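Please read all numbers here as calculations on a predicted model, not as lab measurements. Chain letters run A, B, ... following the sequence lines, proteins first and then strands; every chain starts at 1.
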There are 2 protein chains.
Amino acid sequence: MNLNDTLFRLKALGVKVTPQRQEILEVLLGEERYYSAEEILKKVQARYPAVSFDTVYRTLNLFKKLGLVVELNFQGGYRRYEFNHADRHHHHLVCLKCGRSQKLACCPTDCLAGIEEENPEFAITGHSFEIYGYCKDCRGQVK
Amino acid sequence: MNLNDTLFRLKALGVKVTPQRQEILEVLLGEERYYSAEEILKKVQARYPAVSFDTVYRTLNLFKKLGLVVELNFQGGYRRYEFNHADRHHHHLVCLKCGRSQKLACCPTDCLAGIEEENPEFAITGHSFEIYGYCKDCRGQVK
DNA sequence: TCCTAGATCAGATTTATTCCGATTTAGGTA
DNA sequence: TACCTAAATCGGAATAAATCTGATCTAGGA
Ligand SMILES: [Mn+2]
Ligand SMILES: [Mn+2]
Ligand SMILES: [Zn+2]
Ligand SMILES: [Zn+2]
């Protein structure tokens, strides 16, 4: 999924393609990692200084609804966003000290299948699976 | 783990046992589910009307540090707390509409074992695994 | 080129959590 | 049992994240 595909998809959905939305997408697509709302704002403001937090949040929530973006609520209350490379579903190993994370290959599909089967009346829309701890750099300096 | 065991453990750790702390524990131990900070405050105030949010949050953070309480950060940013029945590790099926949840029996231990093995330099302290969607009552009325 | 629904901006508002200074108290000591 | 003090609590102020509001602007269709 690149920028042009995504913009095409937005148009197909009848969603207006504004410079702000386009720039937010470019940020999210630029480096494959997650961002805080503030990081996104700062990066977008490098090109469009007048962009407001409101626009960032509205856009992220829109993209979330359209399935373009995933919102991650990490332990400690950190909220992060990343582009939803639909074909690259994954989870995270998150350092509680420095906040850096790495992608994980494993997804608990067997658990999920069992849960789905045992709860047919529940409409599952997603799941989270994150592993927390302290990375090599941080494990020594934990308070 | 009952109230007396827990109070004993607090004393052993050199932590003061105040009526407020005791009441918060009673709330958490009363019904095996999770609570918002505000729910806890309201319940504690039923007996001690002067208790403040500050005390609730400080106590929850203390208990969290001591491993007595688990903080859950659900999708959407909802933060909840539950007593850490250490022998009853579990995960949740959470309704995004009404917020109710049910415990799940499955825990992705095989994933976890693999991740631990593949990342020996990372000190894992915990993990989250939550399944989101819409419960029977809510699946019809999703906006 | 014009029109308008929808998007943006700037700042106010709301809500969750933490901080702060004054006061109280749990639990140790004599 | 009567102090003593470090730690805990209270009440309200401060902070921070996210949303709302109303005025203005604009993307994209006619
Ligand atoms: Mn990721
Ligand atoms: Mn639970
Ligand atoms: Zn780290
Ligand atoms: Zn529900």
Between A/T55 and A/R58, is a side chain to side chain donor-acceptor pair (under 3.5 Å) present by the stated rule, with each step listed? CA-CA 5 Å; A/T55 295; A/R58 257 185 306 98; 3.1 Å; yes
When you look at A/L7 and A/Q22, which way does the side-chain contact (heavy atoms from CB on, under 4.5 Å) test go after all the steps? CA-CA 8 Å; A/L7 295 179; A/Q22 197 162 327; 3.8 Å; yes
Between A/E38 and A/K42, is the salt bridge (charged side-chain N to carboxylate O under 4.0 Å, His left out) condition met? List the steps. CA-CA 6 Å; A/E38 187 174 9; A/K42 291 285 158 60; 3.2 Å; yes
Please determine whether ring-ring contact (aromatic ring centres under 6.0 Å, His included) holds for the pair A/Y78 and A/Y34, giving the CA-CA distance in whole Å, both sets of side-chain angles, and the decisive distance to 0.1 Å. CA-CA 11 Å; A/Y78 302 107; A/Y34 53 72; 10.0 Å; no
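Between the CZ atom of A/R21 and the C1' atom of D/dG28 there is a distance of 13 Å, given to the nearest Å. As rounded to whole Å, 16 Å separates atom C1' of D/dT9 from atom CD of B/Q22. As rounded to whole Å, 15 Å separates atom C1' of C/dT8 from atom CG of A/L60. Between the CG atom of A/L13 and the P atom of C/dG6 there is a distance of 15 Å, rounded to whole Å. B/Y48 has its OH atom 14 Å from the C1' atom of D/dA8, to the nearest Å. Protein atom CD1 of B/I40 is 11 Å distant from nucleotide atom P of C/dT17, rounded to whole Å. Between the CG atom of A/L41 and the C1' atom of C/dA10 there is a distance of 13 Å, rounded to whole Å.
A cation-pi contact, defined as under 6.0 Å to the ring centre and within 45° of the axis, is absent between B/R79 and B/Y81.
For B/E121, the CD atom counts as densely surrounded, since its 6.0 Å shell holds more than 12 non-hydrogen atoms of other residues, nucleotides or ligands. Within a 6.0 Å sphere centred on OH of B/Y48, other residues, nucleotides and ligands contribute more than 12 heavy atoms.
Across the interface with DNA chain C, nearest-nucleotide mapping of A/A50 and A/L62 shows A/L62 to be the residue nearer the 5′ end.
In this structure, the side chains of B/I40 and B/T59 stay at 4.5 Å or more apart for every pair of heavy atoms.
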Can you check each nucleotide of nucleotides 22-30 of chain C against protein heavy atoms at under 4.0 Å and return B for base, S for sugar-phosphate only, - for none, in 5' to 3' order? ----BS---
B/S/- contact track for nucleotides 14-22 of chain D, protein heavy atom under 4.0 Å: ---SBBBB-
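A sub-4.0 Å separation between OP1 or OP2 of C/dC9 and a side-chain N or O of A/T55 is present.
From one end of the helix from C/dT1-D/dA30 to C/dA30-D/dT1 to the other, with five pairs defining each end axis, the axis direction shifts by 30° (rounded to 10°).
B/L13 and B/L68 fall within a single hydrophobic cluster, where Ile, Leu, Val, Met, Phe, Trp and Tyr side chains are chained together by heavy-atom contacts under 4.5 Å.
The residue from A/H90, A/H91, A/H89 that alone fulfils the ring pair (Phe, Tyr, Trp, His ring centres under 6.0 Å) condition with A/F129 is A/H91.
A/C111 pairs with B/C106 as a disulfide, the SG atoms being under 2.5 Å apart.
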